[in-house]
Amino acid sequence: MSECCDVVIVGAGPAGISAACILADHGVETIVLERGEFPGSKNMSGGVLYGHDLARIIPDFAERNCPIERNIVESRIWFTSKEGGYSLAYRDRIFEEQRRHNVFTVGRARFDRWFAEQAGQKGVLVVCGTVVTDLLKDESGKVRGVRTDREQGELEAKVVLLADGINSLLAAKTGFRPEPDPEHVALAVKEIIGLPEETISERFNVAPEDGVSIEILGSVTRGMNGVGVLYTNKNSLSLVIGGNLKDFARLRLKPYELIEDFKTHPMVAPLIKGGKPREYLAHWLPEGGYDHVPRLYGDGYLIAGDSGMLFNALHREGSNMAMVSGKIAAETIIQAIQKSDFSSESLGVYAQRLKDSFIMKDLKKYRRFPGFLQKHEDIFNTLPDSLSMAARDMLTVDGVDKKTKQSRSWKMIRSKTSRLRLLRILFNAWRSVK
Amino acid sequence: MAIEDKLFLDRFNVDEVPHLEIINTDLCLKDCRDQPCLYLCPARVYTREEDGRINVAYEGCLECGSCRIGCPEMNIEWNFPRGGYGVRHKFG
């Protein structure tokens, strides 16, 4: 069998399409295989995307009708208890003007489709409705192509780029990456809630094309190591809640009940009031961090994006890592083609370049963070309520002097979490992100 | 909002060939005390019949993979739906 093209890419998400665009810019013949009916039809993210990294692939994306939902001008973090919670918000005019579209929301079914169309215009062949079922290897074990679920569906290429996402059957089947442990993925469920455009702008106090992102910690995840999210789209809201898969099993939580509960939280309910549910989705997030990134290259193949577990759980950054790793993978392949060397040694430049980029630097910086969350479940069960009770007491005006309130708040917090434990949490938190 | 109503919001192109299958039904009955598939699955694909057998409603699967790695017996044969089949996101 002869080669169909230079490069076969598995998966038409941000990693695969970024790579395809760069390859096509350099005249490399590329085929992208996508299992969905169209690119994005199987994809989900919380919903933010990053303009700086997209511009490195498509510099004029905003002029090319990129389906941007809202430009994020304000980021909020909530720390919730059952009855309320703390809120911290930061807004900056720079994100309305000079740094417009640095962070914006997207619907992945629309964005990925648009992104793949850009690749198509550059000459990439994107083939949808095709599942890659196995990798073809020669006697020495070098990857030389893919097998698909189509008739006569074997394709040979110089290099195969695996950009098939976190739920990669191929990685597990071929042993390039072990099947993830439930502890190293989060399961997230998402609901798209439709609301009129003006209602959203009013409720979130933003101009028509601007929006807000809210990350929600605390009791909303019912003791799970997890997070909730509320993002504004043009005429809908993205409501997401997720937790460590091991915690879901341990606490016997049902994801669809969790999100229903989340909707009734006193800080969430007024924002989604009157909204009409439009879609319900579920997806994994890679949560293992630095120590669970597999080997990302070998003879004849590379791995990019979620499939390589490239995800910064603390800063909810994944799509940027997907785009940048896809771009670096493409540049490595271009060099390999010039040298006609597709060995592991030649493609290993990819790992070195990732190491020198923000991707592995950030993952390394936060390598202790996943473990910190696992080992300090107080953050998700006892602390949200006791810290809220302290604020509730302090803010209730009832003739009791503040010193009395302060000492009884401290006593109440310490009755659930010892002083030593509190210090340890603070110290370990600092150590995990320093 | 019940899970049935949530799934009703979604679009599926259902294949007549199931992409999920329990490998050994006896294992679920006899050896699996916890049966986490019954609550882990975000689409409630797995339900228990009166006789204790696990029913697999693959038609509403959201293709997350949780049952595959969450099954303590590794007793679920999990494939992607054939190309073009399965869930089809509208917004994503």
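Chain A is the first sequence line, chain B the second, and so forth, proteins listed ahead of strands; every chain is numbered from 1. Only heavy atoms go into these numbers, but all of them, side chains included; no hydrogens, no water, no symmetry mates.
- Atom CG of B/Asn55 is surrounded by more than 12 heavy atoms from other residues, nucleotides or ligands within 6.0 Å.
- Proximity to chain B is limited to the side chain of A/Ser236, based on heavy atoms less than 4.5 angstrom apart.
- For chain A, the nearby parts of B/Pro81 are the backbone and the side chain; heavy atoms of each come within less than 4.5 Å.
- Residues of residues 173-180 of chain A lying under 4.5 angstrom from chain B, judged on non-hydrogen atoms, are A/Glu179, A/Pro180 in numerical order.
- Proximity to chain A at a heavy-atom threshold of 4.5 Å picks out B/Pro42, B/Arg44 from residues 42-54 of chain B, in numerical order.
- When side chains are defined from C-beta on, B/Cys64 counts as touching A/Leu187, because their heavy atoms get closer than 4.5 Å.
- You'll find the side chain of A/Arg278 stays beyond 4.5 Å of the side chain of B/Phe91, heavy atoms only.
- Counting heavy atoms from C-beta on, the side chains of B/Ser66 and A/Phe248 never come closer than 4.5 Å.
- Only the side chain of A/Val185 comes within less than 4.5 Å of a heavy atom of chain B; its backbone N, CA, C and O stay farther away.
- Inter-residue side-chain proximity for B/Lys6 and A/Pro277 is flagged as unmet; no heavy-atom pair is nearer than 4.5 Å.
- Looking only at distances, no side-chain donor or acceptor of B/Lys90 sits under 3.5 Å from a matching main-chain atom of A/Ser41.
- Side-chain contact between B/Ile69 and A/Trp284 is present, with heavy atoms from C-beta onward closer than 4.5 Å.
- For A/Ser238, the part lying near chain B is the side chain, with the backbone staying farther off; criterion is any non-hydrogen pair under 4.5 Å.
- Only the side chain of A/Glu69 has a heavy atom closer than 4.5 Å to any heavy atom of chain B.
- Counting non-hydrogen atoms of neighbouring residues, nucleotides and ligands closer than 6.0 angstrom, the NZ atom of A/Lys263 exceeds 12 such neighbours.
- Proximity of a side-chain donor or acceptor of A/Asp149 to a complementary backbone N or O of B/Arg82 within less than 3.5 Å is not detected.
- Side-chain atoms of B/His89 do not come within 3.5 Å of backbone N or O of A/Ala109 as any donor-acceptor pair.
- Looking at B/Leu62 and A/Tyr280, their side chains come closer than 4.5 Å, going by heavy atoms from C-beta outward.
- The closest side-chain heavy-atom distance from A/Leu169 to B/Arg68 is below 4.5 Å.
- Only the side chain of A/Phe38 comes within contact range of chain B, judged by heavy atoms closer than 4.5 Å.
- In this structure, the portion of A/Ile259 lying under 4.5 Å from any heavy atom of chain B is its side chain and not its backbone.
- In this structure, the portions of A/Leu245 lying under 4.5 Å from any heavy atom of chain B include both its backbone and its side chain.
- Within residues 10-35 of chain B, the residues having any heavy atom less than 4.5 Å from a heavy atom of chain A are, in residue-number order, B/Asp10, B/Asn13, B/Asp34.
- Within the structure, every pair that satisfies the salt bridge (charged side-chain N to carboxylate O under 4.0 Å, His left out) test and touches residues 33-49 of chain A, not counting sequence neighbours, is listed here: A/Arg35-B/Glu63, A/Glu37-B/Arg88, A/Lys42-B/Glu63.
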